[in-house]
Amino acid sequence: MEDTLKQGTSHNIFTWENLGDIKKGRAYLGEDMPVLVYRLMQYTMLDILSKEHGDEKANEYFRQAGYLAGVEFARNVMDLQVGFNTFVANLQKKLKELKIGILRMESFDELNGDIILTVGEDLDCSGIPVTDETVCYYDEGFISGILEAYTGRVYNVREIDCWANGDRVCRFQGAAE
């Protein structure tokens, strides 16, 4: 068992390869699935984690999972060698193509790395009931991971506007550490 874990072949240790050959494995159903199914998994998992560990810890787990996904997404899907404007344009295109959301860059300070961006039609929350809170913890981590993979700097990203608090886009503010 220990050898299996070291090789990264266990389904409990994430590697990009563990995602498998989706086209081959879902030849009839295809790669797409309804947002409903994604949210069903996300929100039930968050519910269980919150009951077991409390809301704050559950939200942190989601940030950590999003961070891991963001780093791996950037390394395996994005070209990390291009200039910033090209990277953002490519990221916008990829997020829209994968139906994750519609990215818009509001500001980026090249000197200190501070960034503000929005995601419209966000996969995690667009259309959910207003609860007067922000809920996109996974997205916070995902964006942090992408930014770190591209810039080499550690990012702390927090959602400042969300569909769940009455806004129609999710707005994230990031600061490089």
Side-chain angles (χ1 to χ4, degrees), residues 14 16 19 31-32 34-36 38-39 41-43 45-46 49-50 55-177:
F14 181 80
W16 193 257
L19 297 176
E31 295 180 88
D32 295 334
V35 173
L36 170 75
Y38 169 81
R39 287 188 185 171
M41 181 184 71
Q42 177 185 16
Y43 285 115
M45 191 176 304
L46 186 57
L49 288 171
S50 292
D55 290 344
E56 190 173 317
K57 191 66 173 172
N59 296 342
E60 186 54 35
Y61 286 147
F62 263 63
R63 278 187 201 99
Q64 289 175 19
Y67 169 81
L68 176 59
V71 168
E72 292 299 319
F73 177 85
R75 288 180 181 163
N76 288 280
V77 175
M78 303 301 301
D79 181 352
L80 301 177
Q81 304 305 313
V82 297
F84 182 75
N85 290 336
T86 301
F87 179 78
V88 170
N90 292 344
L91 183 59
Q92 288 172 318
K93 181 179 177 185
K94 188 53 75 172
L95 294 180
K96 187 174 181 181
E97 175 186 308
L98 294 173
K99 300 179 183 179
I100 294 170
I102 300 168
L103 175 69
R104 194 182 74 136
M105 185 66 54
E106 288 192 353
S107 66
F108 178 68
D109 185 321
E110 291 184 45
L111 293 177
N112 64 20
D114 289 353
I115 191 167
I116 297 177
L117 54 88
T118 63
V119 179
E121 297 189 34
D122 187 282
L123 180 62
D124 286 352
C125 74
S126 293
I128 67 171
V130 174
T131 58
D132 296 323
E133 60 187 335
T134 58
V135 299
C136 298
Y137 311 109
Y138 185 87
D139 289 354
E140 291 173 345
F142 189 69
I143 294 166
S144 295
I146 290 170
L147 291 172
E148 183 175 328
Y150 178 71
T151 66
R153 299 171 74 179
V154 174
Y155 268 84
N156 180 20
V157 174
R158 289 298 180 259
E159 185 177 31
I160 55 177
D161 295 315
C162 182
W163 187 286
N165 67 15
D167 294 296
R168 291 299 172 250
V169 295
C170 296
R171 181 170 283 106
F172 298 90
Q173 184 172 17
E177 296 180 7

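Just so it is clear, the model here is predicted, and its values are computed rather than measured.
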Show me, pair by pair, the donor-acceptor contacts under 3.5 angstrom made by side chains of residues 93-100, not counting sequence neighbours?
unit_1: K94; atom_1: NZ; unit_2: E97; atom_2: OE2; d: 3.0

Worksheet item: Counting only N and O atoms by type, is there a donor-acceptor contact under 3.5 Å from the side chain of E140 to the main-chain atoms of E159?
Response: yes
Response to the item:
Sorted by chain and residue number, the side chain to side chain contact (heavy atoms under 4.5 Å, CB included) partners of A89 (sequence neighbours excluded) come out as Q92
Item to complete: Taking only Lys NZ, Arg NE, NH1 and NH2, and the carboxylate oxygens of Asp or Glu, determine whether R63 and E60 approach each other closer than 4.0 Å.
Response: yes
Worksheet item: Looking only at heavy atoms, which two atoms of M78 and L91 are closest? And how far apart?
Response: CE-N, 3.3 Å
Discussion item. Before you tell me yes or no, could you show the steps for V77 and W16 under side chain to side chain contact (heavy atoms under 4.5 Å, CB included), namely the whole-Å CA-CA distance, both residues' side-chain angles and the distance that decides it to 0.1 Å?
Written reply: CA-CA 10 Å; V77 175; W16 193 257; 3.7 Å; yes
Practice prompt. Just jot down the side chain to side chain contact (heavy atoms under 4.5 Å, CB included) partners of Y150, sequence neighbours excluded, or say none.
Written response: L80, F84, F87
Worksheet item: So do N156 and E177 actually touch side chain to side chain, heavy atoms under 4.5 Å?
Response: yes
Item to complete: Keeping the roles fixed (side chain from W163, backbone from C170), state whether a donor-acceptor pair exists under 3.5 Å.
Response: no
Practice prompt. Carefully, step by step, assess S50 and D55 under the rule side-chain hydrogen bond (donor to acceptor under 3.5 Å, both in side chains).
Written response: CA-CA 5 Å; S50 292; D55 290 344; 3.3 Å; yes
Worksheet, complete the sentence: Correct closest heavy-atom pair for A74 and I146 would be CB-CA, 4.1 Å
Worksheet entry | Check: V82 main-chain N/O paired with T86 side-chain donor or acceptor under 3.5 Å | no
Worksheet item: Closest heavy-atom contact between I160 and N165?
Response: O-ND2, 4.3 Å
Fill in: CD1 on I115 to CD1 on I143, rounded to 0.5 Å
8.5 Å
Worksheet entry | Minimum-distance pair of heavy atoms, taken over all atoms of A58 and L46 | CB-CD1, 3.9 Å
Worksheet item: Partners of V169 by side chain to side chain contact (heavy atoms under 4.5 Å, CB included), sequence neighbours excluded?
Response: T118, R171
Item to complete: State, without any angle test, whether D124 and Y137 hold a side-chain donor-acceptor pair at a distance under 3.5 Å.
Response: no
Worksheet item: Between Y43 and V135, is any pair of side-chain heavy atoms under 4.5 Å apart?
Response: yes
Worksheet entry | Inter-residue atom distance F62.CZ - D139.CG, 0.5 Å rounding | 11.0 Å
Worksheet item: Do I128 and C125 come close enough that some side-chain heavy atom pair is under 4.5 Å?
Response: yes
Discussion item. Counting C-beta onward and ignoring hydrogens, is there a side-chain heavy-atom pair between L117 and E106 closer than 4.5 Å?
Written reply: no
Worksheet item: Considering all heavy atoms of both residues, which atom of R39 and which atom of S126 are nearest to each other, and what is their separation?
Response: NH2-O, 2.8 Å
Response to the item:
Shortest non-hydrogen pair, C162 vs E133, comes out as CB-O, 4.1 Å
Worksheet item: Hey, what do you get for CD1 (I116) to CZ (F172), rounding to the nearest 0.5 Å?
Response: 12.5 Å
Worksheet, complete the sentence: By side chain to side chain contact (heavy atoms under 4.5 Å, CB included), N112 pairs with (sequence neighbours left out) D109, D114
Worksheet item: Is the F142 ring parallel, tilted or perpendicular to the Y138 ring (thresholds 30°, 60°)?
Response: parallel
Fill in: Listed once per pair and sorted, the side chain to side chain donor-acceptor pair (under 3.5 Å) pairs that draw on residues 67-82, sequence neighbours left out
Y67-E148, E72-N76
